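Just so it is clear, the values below take in all heavy atoms, side chains as well, and ignore hydrogens, waters and symmetry mates. Computed from a predicted model, the values in this text were never measured in an experiment. Atoms within a ligand are numbered from 1 in the order they appear, just like the ligands themselves.
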Amino acid sequence: MLNKQNRRSFLGKLSLAGAASLLGAPGLATAGHGLVGAKERTSQASAPADLKITDVTCGYIKNGHDLIVKISTNQGIVGWGQAVDAVTGTYFMVKQMGNRLKGQNPLNPNRLQEELRKGAFFGGAQSGVYVAVMTAIESALWDVTGKALGLPVYQLLGGKFRDKIRVYCDTALYTARNPTPDDYAKSASGAVKKGYNAVKFDIDEGNDPNKYDRYNWTASPAELDRMYNAIAAVRKAVGPKVDICVDMHGRYDATTGHRVAKLMEPLNLMWLEEPVPADNIDVYKRITAETSTPICTGENIYLAYGFTRLLEEGGADIIMPDLQKAGGLGEAQRIANLANLYYVPFSPHMVASFLGAMASAHVCASVPNFQIMEWQTYMDTEEIYKDVVVYDKPFVEKSFITVSDKPGIGVDINEEGMKKYHPKDIPFFV
Ligand code: MG
């Protein structure tokens, strides 16, 4: 006779096989792995009704640019979340939000996120850094919830559409000063050799000697030439089947953004990212309408509210919210689902860490319109990324991350390993 555990595994396999034959397509989600044994994995010490948040503490890496939040509970379950960008100096903001959560049951991430969002001065009026900090806390709530219930976050978000998350490699060639087309070609070929099937390059270059003015970001003809030659070299190096993204970091004016989009048309980009700053949707709408180059934006837009007009107006072909900034994992799913109503692909920006990458991967798995997620080439090589986390290796295989089936996010922080990267003048997880 099958015992409970075996029976559960058997049924899990059965449903998996059924789904595969029904859908008839390899690569689709093998829904069920996260559920197999979920009950058995659930700690008896974590009766959901009795779970309470006891503390919310934080630490920082990368000179304070990356915030790691830890939520502790009365039953020993700990949740982790991350925020990036302008979060330096947010220690007291984390403590203040944490004080609001202490004593509450963490198993309601959506409600608690709404309380934080509306609970500051003039409810709901906050954006930017406030939302980024809230994002780290919200992600940690999902991690706690998953661990308490024995379920991976994607399952809590409604299940998954896919098991593997495609990533593109940001080659970080931007660390070189005025790279040549040959540098671009070599960098692209290197990424493809490592197994990546999509690459991203920056073409905004403040040090270009052909730039006439430090403040006016109208590109000169020689600058436009540099941009085209760089990406043409990439296309030549990788051939027609590798996807290429190009980023302008929202630095240029409308004329330049429009010109570059037109210029890149023969190179068949996956997208041109932030050709102009994120603020003016009308300019985005015009550029998007007048070029065949797909236009992408979103890493500097917050909450689902921030994406409504952009999507309604057809301001972008693809959106790329940063899931360590935009409001949380639940918020990210709402953004993706909103975009899906306009048939717009969801391709998150990701500059965080293995923790942030896996948190994002759960959201990407849970929505139909996921296209591709960012991965940084330095995460493959720099020790910090491996030192600060506990994770399953390898993290990325041939341009894909396998979504974790562990309870919660599936990547934990190694506090001991993180210590040496934490700025000395900020309290560390206290
Ligand atoms: Mg960008």
Side-chain angles (χ1 to χ4, degrees), residues 62 65-66 82-87 128-129 131-132 135 166-176 179 184 187-188 191 196 198-208 217 219 227 230-231 234 243-254 256-258 260-261 264 267 269-281 283-284 287-288 291 293-302 306-307 310 315-327 332 335-336 339 344-353 356-357 360 363-364 370-379:
K62 297 199 274 183
H65 290 294
D66 280 33
Q82 185 167 10
V84 300
D85 268 9
V87 290
V129 175
V131 173
T135 299
R166 185 183 174 210
V167 296
Y168 64 85
C169 178
D170 187 319
T171 59
L173 185 63
Y174 51 78
T175 54
Y184 275 85
S187 183
Y196 291 101
V199 289
K200 183 159 102 179
F201 287 95
D202 300 344
I203 52 170
D204 54 308
E205 179 53 82
N207 297 311
D208 189 332
W217 284 76
M227 294 176 187
I231 304 307
V234 171
D243 276 310
I244 302 171
C245 316
V246 173
D247 196 351
M248 296 174 74
H249 287 113
R251 287 198 155 125
Y252 293 87
D253 58 23
T256 301
H258 188 268
V260 173
M264 295 289 164
L267 300 178
L269 302 186
M270 181 149 71
W271 71 63
L272 180 66
E273 181 170 322
E274 294 197 308
V276 289
D279 318 280
N280 193 326
I281 289 168
V283 175
Y284 265 97
I287 296 175
T288 299
T291 178
T293 298
I295 301 298
C296 183
T297 187
E299 70 177 86
N300 294 306
I301 300 176
Y302 295 86
F307 286 87
L310 180 79
D317 296 294
I318 298 159
I319 58 159
M320 36 88 69
D322 188 311
L323 308 198
Q324 274 71 54
K325 281 165 71 176
I335 292 168
V344 168
F346 172 75
S347 303
H349 184 246
M350 205 293 295
V351 292
S353 70
S360 302
V363 177
C364 295
F370 166 71
Q371 181 187 25
I372 196 163
M373 185 175 99
E374 183 163 19
W375 181 258
Q376 303 292 324
T377 186
Y378 50 76
M379 290 180 182

- Message: Suppose the cut-off is 2.8 Å; how many protein N/O/S atoms fall inside it around the Mg ion (ligand 1)?
- Response: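 Near the Mg ion (ligand 1), the number of protein N, O or S atoms below 2.8 Å is 3.
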
- H349: which of E273, E299, K325, Q324 passes side chain to side chain donor-acceptor pair (under 3.5 Å): E299

- Message: I'd like to know if D243 pairs up with R166 as an ion pair, taking the criterion as any Lys NZ or Arg NE/NH1/NH2 lying under 4.0 Å from an Asp or Glu carboxylate oxygen.
- Response: yes

- Item | Non-neighbouring partners of A86 that pass side-chain contact (heavy atoms from CB on, under 4.5 Å), sequence neighbours left out | V129

- Message: Let me confirm one number: the CE-OG1 distance from M248 to T297, rounded to the nearest 0.5 Å.
- Response: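 Going from CE on M248 over to OG1 on T297, the span is 12.0 Å.
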
- Name of the residue among M350, M373, E374 meeting side-chain contact (heavy atoms from CB on, under 4.5 Å) with V167: M373

- Query: What residue among E274, M227, R251 forms side-chain contact (heavy atoms from CB on, under 4.5 Å) with D204?
  - Reply: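 When side-chain contact (heavy atoms from CB on, under 4.5 Å) is applied between D204 and each of E274, M227, R251, only R251 qualifies.
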
